[in-house]
Amino acid sequence: MERILIIGANGQIGSELVTALADKHGADNVIASDIGADNVYGAKRYTRVDVLDKDAVARLVADEGITQVYQLAALLSATGEKAPLKAWTLNMDGLLNILEIARERGEAGKPLKIFWPSSIAAFGPNTPSDAPQYAIMDPTSIYGISKLAGERLCEYYHAKYGVDVRSIRYPGIISFKSPPGGGTTDYAIAIFHAALRGDVYECFLGPETTLPMIYMPDAIRATVELMEAPAERVKIRSSYNVAGVSFNPRELAAAIAAKLPSFRIEYKPDSRQQIADSWPKSLDDARATDDWGWKAAIGVDAMVTDMLANVDVGLGKAA
């Protein structure tokens, strides 16, 4: 029986991963945690914990007999640029604390399986536009730098200490269950809120800025499939490329306008444009397919239909 701890459960991925894992393993076996007093998405079990407090996390892991930890707590790309030292501390020390706990538990005969998310932000301007699994990685944001360093830490802890750590380089993730959270790809969430409010959407990226994206159900499925794969099939311990679909703001706006003809978009690129310009346009995820059978299932049209049917406009008022 798995006992699962999700750190950063109030974030975009965590909010939906809690539900998926509770459905699979039982709600009593999934503990959601974050730094806030409450779980805003209604997990059956929730506790307040700061990933930067290693001792508190270690006690929680021991007391609850945790077998899997999903370390999702982080500051994202655009938010991180406003507070780079805070971003580095949270993103790096948080991961290092979990890897150290896993090392210690493993040496005591109580192994932990770890999931940690990387990102397309780990790539940079010299990465090929269709990014292969192994590529030049020269990130330009503090978020991306922390993700690249995190990938190296994950591989190091697996090679040196045998920690069973697994990771995905997520594209931009699109979801209707949580509001935009400070990422450079979050225009692809905010645009739906504006469309359903009847607003003209002011896009902070230019119309031809093609980026790799993934719809949340595919992202969650990829995460669960990777964590359930036999260890011998997980051959990459830095982070796997996982692709969904690639599109730009003009194409997404056209897909929305096909269903909401009154929708209008304007383009006012800001500082996030420079970050987006340094990222690849698509990801080659052949290694994920070969190693553990990954294949995306949801395209742009299906995503747009589902988003328009389910977005809670109230969540996006600040977007």
Side-chain angles (χ1 to χ4, degrees), residues 10-20 36 38-42 75-82 119-121 170-220 244-277 279 281-282 296-319:
N10 284 343
Q12 184 190 32
I13 300 171
S15 60
E16 302 199 33
L17 191 58
V18 168
T19 300
D38 300 305
N39 177 237
V40 297
Y41 297 101
L75 282 187
L76 301 182
S77 56
T79 306
E81 289 306 290
K82 297 175 183 177
S119 164
I120 58 170
Y170 287 117
I173 299 177
I174 302 171
S175 170
F176 61 79
K177 292 186 179 179
S178 55
T184 299
T185 58
D186 275 0
Y187 86 86
I189 302 174
I191 192 172
F192 289 97
H193 293 273
L196 289 168
R197 288 195 302 265
D199 296 344
V200 174
Y201 179 59
E202 293 186 358
C203 187
F204 53 77
L205 299 181
E208 305 301 323
T209 309
T210 299
L211 291 170
M213 301 283 189
I214 193 168
Y215 197 35
M216 182 65 84
D218 267 352
I220 296 298
V245 292
S246 290
F247 54 81
N248 59 43
R250 177 184 54 77
E251 292 166 333
L252 182 57
I256 293 172
K259 299 180 184 299
L260 294 177
S262 63
F263 174 65
R264 296 291 182 269
I265 186 170
E266 296 178 353
Y267 299 98
K268 296 185 178 180
D270 64 15
S271 60
R272 286 166 283 194
Q273 183 68 52
Q274 185 176 3
I275 296 174
D277 287 343
W279 292 350
K281 295 181 178 181
S282 60
I298 303 171
V300 175
D301 289 341
M303 179 197 73
V304 168
T305 298
D306 200 48
M307 285 290 288
L308 291 175
N310 289 287
V311 162
D312 179 352
V313 176
L315 287 176
K317 287 181 178 177

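Note that the structure is predicted; figures quoted are calculated from it, not measured. Computed over heavy atoms, backbone and side chain alike; hydrogens, waters and symmetry mates excluded.
Closest approach of G206 and P269 over heavy atoms only: N-CG, 3.9 Å. Taking every heavy atom of both residues into account, L205 and A276 meet most closely at CD2-CB, 3.8 Å. Between P171 and G244, the closest heavy-atom pair is CG-N, 4.4 Å. Between F204 and T184, the closest heavy-atom pair is CE1-O, 3.1 Å. Residue A195 comes nearest to F263 through the heavy atom pair CB-CD1, 3.5 Å, listed as atom of the first residue, atom of the second, then distance. Shown here for P217 and I298, the closest heavy-atom pair between the two residues is CB-CD1, 3.8 Å.
Taking CD1 of I275 as the start and CG of L211 as the end, the distance is 11.0 Å to the nearest 0.5 Å. Within the model, atoms CZ of R264 and CG of D199 stand 13.5 Å from one another, a figure rounded to the nearest 0.5 Å. Rounding to the nearest 0.5 angstrom, the gap separating the CD1 atom in I256 from the CD1 atom in I191 is 4.0 Å. H193 contributes atom NE2, which lies 7.5 Å from atom CG of D312 (distance to the nearest 0.5 angstrom). To the nearest 0.5 angstrom, T210 atom OG1 is 5.5 Å from E251 atom CD. With rounding to the nearest 0.5 angstrom, the CD1 atom of I214 is 11.0 Å from the CD1 atom of I120.
Looking at N310, its side chain does come within 3.5 Å of a backbone N or O of D306 through a donor-acceptor pair. Of the possible donor and acceptor atoms, one in the side chain of D270 sits under 3.5 Å from a partner among the backbone N and O of R272.
Qualifying side chain to side chain contact (heavy atoms under 4.5 Å, CB included) partners for T19, counting only residues two or more places apart in sequence or in other chains: D23. T305 meets the side-chain hydrogen bond (donor to acceptor under 3.5 Å, both in side chains) test with K259; sequence neighbours excluded. For the side chain to side chain contact (heavy atoms under 4.5 Å, CB included) test, residues two or more places apart in sequence or in another chain that qualify with A296 are D218, W294. Among residues two or more places apart in sequence or in another chain, the side-chain hydrogen bond (donor to acceptor under 3.5 Å, both in side chains) test is passed with T209 by Q273. Partners of E16 by side chain to side chain contact (heavy atoms under 4.5 Å, CB included), not counting sequence neighbours, listed by chain and number: S175, K177, M216, I220. By the side chain to side chain contact (heavy atoms under 4.5 Å, CB included) test, R250 is found to be paired with P207, E208, N248, Y267, residues two or more places apart in sequence or in another chain being considered.
When side chains are defined from C-beta on, L308 counts as touching L196, because their heavy atoms get closer than 4.5 Å. Side-chain contact between L252 and M213: absent, with no pair of heavy atoms (C-beta onward) separated by less than 4.5 Å.
Ring planes of F176 and Y215: tilted class, angle from 30 to 60°.
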Is there a side chain to side chain contact (heavy atoms under 4.5 Å, CB included) between I174 and M303? Walk through the geometry before answering. CA-CA 9 Å; I174 302 171; M303 179 197 73; 3.3 Å; yes
